[in-house]
Each structure stands twice: as C-alpha cells, then as structure tokens.
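Only one structure is covered here, and it is reproduced in the block below.
Keep in mind that the numbers below use all heavy atoms, side chains included, and drop hydrogens, waters and symmetry copies.
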Amino acid sequence: MVKASRGKLAIKFVDAAICSTAGLLFETLQFFNQYRPNPSFTPKWSDKPLLKSWEKSKPTLGWPRVTDSLCPKCVIEVRKKILSGEEDYRILIDEKVGEIPAQIIEREGQVWMVKDCPVHGHFEDLMAIDSRFLKWIESNFPGRDIRAHNDTELHNHGSSSIKHGRGSVLTVDLTNRCNMMCDPCFMDANQVGFVHELEWEEIKEILDNSLKIKPRRQMSVQFSGGEPTLSPHFFRAIRYARKIGYNSVQCATNGIEFAKSKDFARRAAEAGLRYTYLQFDGIGNDANSHRQVGNLFDVKLRAIENIHEAGIEIILVTTLVNGVNNDQVGPIVRFAMDNPKKIAFIAFQPVSFTGRDDEISDERRLRQRYTLSHLAGDVKGQIGLTEPTRHWFPLSLMGAFADFADLVHGPNADWGQVSCSCHPNCGVGTALMINKETREAAPVPEFLNIPGLVRDMQKITDAGRGKRFSNLMMGLALLRNYSPFKAPRSLTLLDILKKFDKSFGLSGKDYGVGVERRRDPWNFLFIAGMWFQDLFNYDFRRTEMCIIPYGTQEGEISFCAYNTGHGWRNIIEHMHMNATVAKWYQENGRHEIFAGGKPIELLSYEHNLQINAEDANRVRDRGDLPLTARDEKVMRRKAAKEAAQVREYYEEMVLKRKKKDNLVQIV
C-alpha cells in the first residue's frame with residue numbers, strides 16, 4: 001500500500017511537470033495564434049455565422065438596475081378574464097398586459113427586486129441572500145447565443161417571446177393527468193377540472209416544428225406532464241424524437257411506473273430514453289411525506305434500481321422550499337456521492353410560487369423563498385464542500401464550451417452543440433469528481449481553474465483555426481489550468497482529457513451509450529440549481545433568453561412564461577382541452593391516483609443503493625405554520641368560522657339579539 005501511495009505521488013509530480021510545460025507551450029503558440037484570426041463560418045445549422053466572444057450581447061447586469069416585470073395581481077385578473085371569455089388571449093401578444101418596471105437593488109448585503117403597480121401598490125421579493133455570490137455568478141456570464149431566427153411562427157407571444165439561442169431542453173407535456181397529488185405543483189395537475197392530453201399527430205407536429213428554428217442545436221427533448229408515463233403515446237414519442245435526430249431524450253417522472261415494472265423501464269430504454277428526470281425530495285419517507293404517499297422513498301429507490309438496470313441515466317430533481325425540505329440538500333448530495341455508479345446529476349429547483357401558489361400570502365412567500373444563493377450556502381454548510389464564490393458558476397458558462405465544440409465540428413455539422421445560454425440569474429452549477437470504486441472526491445473547480453480555462457478556450461475559438469490545431473490548443477489549455485496536487489490522488493491527466501472528449505466528442509471516438517458508457521472509472525457529479533420565476537420576481541430579460549422552451553400547439557414558449565408570467569399554460573390547455581374530467585372518466589375510465597398517505601404496493605422493494613441511516617431516519621418538526629396552499633386555505637376557513645362565532649356571540653350577549661331560527665318554507 002505504501003508503494004502504491006508513493007507511486008501515485010510520483011505520478012502527480014510527473015503530471016505537474018507536464019502541466020507546467022503545457023503552459024509554456026500554450027503561451028508560445030498563442031502569441032502567434034492571436035494575430036489575424038480566421039473569420040467565422042456559417043454552419044449548416046444556422047443562417048447566421050458563429051459569434052466571436054466579443055460579438056456576444058449581454059443584458060444589463062449588476063445593481064442597481066431596472067428591468068421589465070409584472071404585477072402579480074394585474075396578471076391574475078387578466079388571466080381570469082381570458083379564461084372566462086371576457087378577453088381574447090391575443091391581448092397578451094398585442095399589448096403589454098400587467099407589465100410594470102422593477103428595480104433590482106442591494107440591501108444590507110442581499111439582492112432584492114422591488115416594484116410598484118399604480119393599481120395594486122408595492123411588491124418586493126428576495127433574489128439573493130448574499131450579493132457577493134450573485135455578483136460572482138454574473139461576472140462569469142460569457143454572453144448570449146446567436147439570436148434565434150427562422151422562428152417567427154413559433155416564437156410569437158408578445159413580450160413573452162424567446163429571442164436568443166435555441167435552448168437546451170425542449171419540454172413537451174404529453175398529458176396533464178398525474179398519478180399523484182403534490183403540493184407544490186407548478187402545473188396544478190389533477191386540479192384544473194379538465195384533461196389536456198396531446199394526440200399523436202400533435203406530438204409529431206410539435207417535434208417536427210422544433211427542427212425549423214435556427215440555430216438548430218441539439219437539445220434534450222423532455223417529455224413531461226402531469227406524469228408523462230400515463231400517456232398512451234409515451235414510448236412512441238421517445239422513438240420519434242430519436243428518429244428525427246435528437247440524441248438525448250428524457251422524461252420528467254415521479255418514477256412510479258418505473259418502480260412497478262422492470263419491463264416498463266426496459267421498453268423505455270429500447271425506445272431510446274436516455275435520462276429520467278426523477279422527482280426526488282429527500283432521503284427517507286419522512287422527507288417525502290408532503291407528497292402524500294406513505295412509502296414514496298422506498299418507491300424511488302426501486303425506481304432507481306430498475307431505471308439503472310435498463311441502461312437509462314438518472315437525474316435527481318428536487319424542488320426546494322425554505323423551511324420545508326432545504327435541510328435535504330446535504331443528504332441528497334451525500335446519497336449521490338455514496339452511489340456514484342448510479343447517480344451522475346442532481347438538479348435542485350428553488351420553489352416557484354405558481355399553480356396552486358399563485359395567490360400565496362406574503363408571509364408564507366417570504367418565509368419559504370429559497371434562492372440559488374441559499375443553495376450554494378446549503379451545499380457548503382451541509383456537506384462541507386465547495387465555496388459559493390469560487391466553485392459555483394452560471395449554467396450559461398457552458399456556452400463557451402459549446403462555442404469551441406461548434407468550431408471543431410466544422411461548418412458541415414448537421415446540428416450545433418447544446419448551449420446553455422440562459423440568463424445568469426436563472427441557473428448555477430458546480431461539480432464533484434468522484435472515484436466510483438473508492439468514493440474519493442473533490443470539487444472540480446478546486447483542481448481545474450474554470451475561469452482561466454474559459455478565457456483560454458475563448459482565445460482558441462476566436463482564432464478560428466482548424467480542428468487539429470484547435471484540439472491541440474484545447475489540450476494544452478486543459479493541462480495548464482489543471483492542478484494535479486489539488487485533485488483526487490488517483491485522478492490522472494489522461495482521465496481529465498478523456499472526460500472532456502467524452503462530453504464534447506472532439507476526437508470522434510465513440511464512448512457508447514447506456515451500460516457501455518458507464519465503464520468510465522470516474523463520475524462527474526454535476527450539481528445544478530435552476531430557479532424558475534414566478535410573478536413576484538419576474539424579469540423579461542430572463543424570459544427572452546430561456547433555454548427550456550415548451551413545445552405546444554401554439555408554438556414554443558419560455559418555461560417561465562408558460563408556467564408563471566402571463567400563464568400561457570392555463571390559456572393553451574383551455575383552448576385545446578380534450579374533455580372535462582367527468583367526461584374523460586366516463587369515456588376512458590379513471591387512472592389510479594396515489595394520495596392520502598397510502599403506500600404504493602410493489603412486487604419488490606429490493607435495491608443495492610447505499611443509504612445513510614441517520615439521514616433516512618430523520619423526522620422533522622414541521623411546526624404549526626402553514627406550509628402549503630392547502631394549509632392556508634384550511635386556516636382561512638377556520639379563521640372565518642371563528643370570526644363568525646365571535647360575531648354571533650357579540651350579537652347575542654352584548655347586543656341582546658336573539659339568534660334567528662332557521663325556518664324551512666314548504667311550497
């Protein structure tokens with residue numbers, strides 16, 4: 001063991017020498033490379049040329065700044081009029097309904113949005129608990145992607161229209177039916193009184209239309225809902241998305257159908273499903289109890305087993321509500337670190353107060369508000385890894401990597417690379433490198449100088465040289481920004497180079513899919529935070545840069561504009577509803593809904609996952625404060641009843657008015 005340890009240390013010294021030499025060679029070559037850069041080419045997948053780093057536009061950042069926002073009350077009033085038929089939905093395209101200016105300011109080390117409506121008064125909401133964190137994130141924003149074009153038919157939603165780039169994830173809601181009754185639920189599944197479920201021809205048209213918009217980049221096509229596995233077209237939709245050229249197809253699911261049946265998971269994999277976006281609220285059944293299923297954590301574990309065995313990758317997705325489950329950040333990251341062969345991505349989503357929470361009380365909103373700065377602080381505080389202002393970056397920083405890959409793949413590529421060019425206030429991320437066997441781990445930004453690598457990469461991309469020379473320069477840039485002694489002891493330079501090539505396909509080597517792709521001994525555990533807007537913090541500069549468009553019968557709409565904002569979801573689903581719930585049940589029968597705290601019966605609950613017993617056995621004290629919209633509704637009813645009893649007592653005992661008998665008139 002001592003010899004092995006010395007051997008690893010010796011390799012580190014060799015790696016350090018190579019990195020130092022690479023740095024000198026990079027500087028020498030770059031001295032000449034910076035002169036007379038080649039002009040940008042126009043690839044097959046765009047009608048506009050690739051952008052140099054200095055040509056990329058940026059929204060106004062920093063603070064104080066002014067942006068365009070919405071009045072939370074005006075929007076709800078107009079939406080109700082549209083749904084009732086009093087107003088035509090085109091008013092949202094032709095007029096600036098409910099739009100008001102907002103200021104983003106710093107206050108006592110925090111960042112806030114403040115705005116005033118001439119009708120409904122003052123509103124304010126928290127955007128970051130640490131202004132230094134948000135300043136760091138915004139300072140690393142590399143700029144917007146190529147402006148969207150050939151898109152006038154699909155991006156025609158007034159102020160809510162997407163204007164930049166192509167996006168990273170095209171979301172298609174197959175159905176609004178769901179087999180759970182969650183709170184919060186941004187789409188208000190099972191509660192709207194009607195069924196909106198896409199027919200096959202509608203699904204096909206939405207996917208076909210998605211190919212028209214340029215720049216035509218590869219995106220993940222995510223089938224969502226409701227619960228997409230309830231759609232009769234689930235497997236067919238996956239196959240078709242793969243057929244027309246999307247190499248990454250995923251589904252957003254609660255995992256119940258996958259947990260029930262290995263065969264279901266196998267069929268999904270055979271259809272071409274690459275990722276499951278698995279709802280995952282915490283470790284242990286208590287952490288999941290607010291979903292109203294008695295054994296939901298056990299169901300999730302079985303789902304993970306079946307999904308992984310089928311060769312589908314797993315992304316854990318957690319909606320975080322302050323004071324409800326934000327204490328689960330550390331346990332969830334630990335769970336992923338303890339199971340690196342099965343979990344490679346965690347997507348934390350700070351709560352968006354929409355759907356059933358559209359008219360949330362100010363008290364609960366401010367108490368439960370959770371921001372990206374909360375997330376970075378909780379990761380550090382709960383697992384002791386990563387520094388918020390050094391190891392976290394905007395998701396849009398990945399756009400710089402996509403720009404380099406676009407250059408290397410050349411003008412004849414059929415698709416552009418995935419580019420996460422969202423607003424820096426939308427999403428952040430960090431990563432851990434974990435040895436799948438030893439569990440040895442370290443934050444990637446600890447041993448890889450990310451800002452330095454991005455600067456070097458932009459220089460290479462801006463020069464616009466050929467594939468071989470650009471790849472050589474990229475390899476040198478990786479080496480010169482790598483610190484071997486800060487990396488896990490068993491991580492080598494070759495591992496780093498393979499990881500980068502595997503992600504961007506620069507060498508052309510085929511790393512396989514599913515089980516074959518998992519042979520890599522290292523897990524790059526990506527921890528992301530995606531913060532969707534609601535009416536209280538809405539910013540149109542974010543909406544027009546959206547990377548998660550919804551594909552609908554009325555075009556492609558920003559995630560936030562669809563689910564919050566003006567609420568295009570409510571409008572479009574009403575326009576294209578299939579039937580009322582009562583009629584649907586009459587014609588198609590009821591689908592099973594798991595609620596009321598009852599357990600889900602599975603054929604097997606076996607799994608081989610490593611579970612931290614302390615995390616799994618925790619029981620939280622939820623206190624007496626309302627945690628959900630339902631709680632608030634119950635409390636309001638209770639308060640109204642008590643007020644009525646007080647009035648009745650006052651009239652009878654103080655005013656000496658006798659209680660009138662309830663008379664029944666017989667006709």
_side-chain contact (heavy atoms from CB on, under 4.5 Å) assessment of W45 paired with N412_ = CA-CA 8 Å; W45 44 269; N412 295 318; over 6 Å; no
Passes side-chain contact (heavy atoms from CB on, under 4.5 Å), I283 versus Q328? Steps please. CA-CA 7 Å; I283 308 303; Q328 288 295 315; 4.0 Å; yes
Going through the checks in order, is the side chain to side chain donor-acceptor pair (under 3.5 Å) test met by N285 and D298? CA-CA 7 Å; N285 281 310; D298 302 318; 3.0 Å; yes
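Side-chain contact between L320 and L375 is present, with heavy atoms from C-beta onward closer than 4.5 Å. Between P549 and Y562 the shortest side-chain heavy-atom distance does not fall below 4.5 Å. Annotation: side chain of H164 is not in contact with side chain of C546 (no heavy-atom distance under 4.5 Å). The side-chain heavy atoms of V249 and S220, taken from C-beta on, include no pair separated by under 4.5 Å.
A distance-only check finds a donor-acceptor pair linking the side chain of N176 to the backbone of F194 [under 3.5 Å]. In this structure, the side chain of E202 engages the main chain of E199 through a donor-acceptor pair within 3.5 Å. Panel note: side chain D338, backbone N612; no donor-acceptor pair is recorded below 3.5 Å. Listed for the D151 side chain is no donor-acceptor partner under 3.5 Å among the backbone atoms of I213.
No hydrogens or angles considered: nothing links the side chains of D534 and T564 as a donor-acceptor pair under 3.5 Å. Side-chain contact, S210 with Y246: a donor N or O sits under 3.5 Å from an acceptor N or O. At a cut-off of 3.5 Å, with distance as the only test, a side-chain donor of Y240 or D208 sits close to an acceptor on the other residue.
No more than 12 heavy atoms of other residues, nucleotides or ligands lie within 6.0 Å of CD in E614, so this atom counts as exposed by the packing criterion. Atom CD of E205 has 12 or fewer neighbouring heavy atoms from other residues, nucleotides or ligands inside a 6.0 Å radius.
For the atom pair CD of E309 and CG of N608, the computed distance is 9.5 Å after rounding to the nearest 0.5 Å. Here S46 contributes atom OG and R216 contributes atom CZ; the two are 11.0 Å apart, rounded to the nearest 0.5 Å. The distance from the CG atom of N254 to the OG1 atom of T229 is 6.5 Å, given to the nearest 0.5 Å. The distance from the CG atom of N295 to the NZ atom of K300 is 11.0 Å, given to the nearest 0.5 Å. Rounded to the nearest 0.5 angstrom, D406 CG and S419 OG are separated by 7.5 Å. Atoms CD and CD, from Q279 and E227 in turn, are 8.5 Å apart once rounded to the nearest 0.5 Å.
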N/O donor-acceptor pairs under 3.5 Å from side chains in residues 230-239, not counting sequence neighbours:
| residue | atom | partner | partner atom | Å |
| --- | --- | --- | --- | --- |
| S231 | OG | H233 | N | 3.0 |

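Applying the salt bridge (Lys or Arg N to Asp or Glu O under 4.0 Å) test to every pair with at least one member in residues 249-259, sequence neighbours left out, gives these pairs: E257-K260. Residue pairs satisfying the salt bridge (Lys or Arg N to Asp or Glu O under 4.0 Å) criterion with at least one member in residues 243-253, sequence neighbours excluded, are absent. Within the structure, salt bridge (Lys or Arg N to Asp or Glu O under 4.0 Å) pairs that include any residue of residues 432-445 comprise K341-E437 (at least two apart or interchain).
For F532, the ring-ring contact (aromatic ring centres under 6.0 Å, His included) test picks out F559, with sequence neighbours left out. Every ring-ring contact (aromatic ring centres under 6.0 Å, His included) that F526 has, sequence neighbours left out, goes to F345. Listed by chain and number, the residues in a ring-ring contact (aromatic ring centres under 6.0 Å, His included) with Y275 amount to none (sequence neighbours excluded). Taking the side-chain contact (heavy atoms from CB on, under 4.5 Å) definition, one finds that D281 meets it with N288, H290, R291, T318, N325, sequence neighbours left out. Residues passing the side-chain contact (heavy atoms from CB on, under 4.5 Å) test with T276 are C251, T253, F258, L273, I307, I312, I314, sequence neighbours excluded. Checked against side-chain contact (heavy atoms from CB on, under 4.5 Å), T371 has the following partners two or more places apart in sequence or in another chain: L126, R369, S373, H374, W531. Considering only residues two or more places apart in sequence or on other chains, E554 meets the side-chain contact (heavy atoms from CB on, under 4.5 Å) condition with Y89, T552, I572, M575, H576. Residues forming a side-chain hydrogen bond (donor to acceptor under 3.5 Å, both in side chains) with E305 (at least two apart in sequence, or on another chain): K342.
In this structure, C420 and M398 approach most closely via the heavy-atom pair CB-CB, 4.4 Å. Scanning both residues, P488 and W522, for their nearest heavy atoms gives CB-CH2, 3.6 Å.
The distance between the ring centers of W568 and Y550 does not fall below 6.0 angstrom.
W415 does not carry R217 over the face of its six-membered ring by the limits of under 6.0 Å from the centre and within 45° of the normal.
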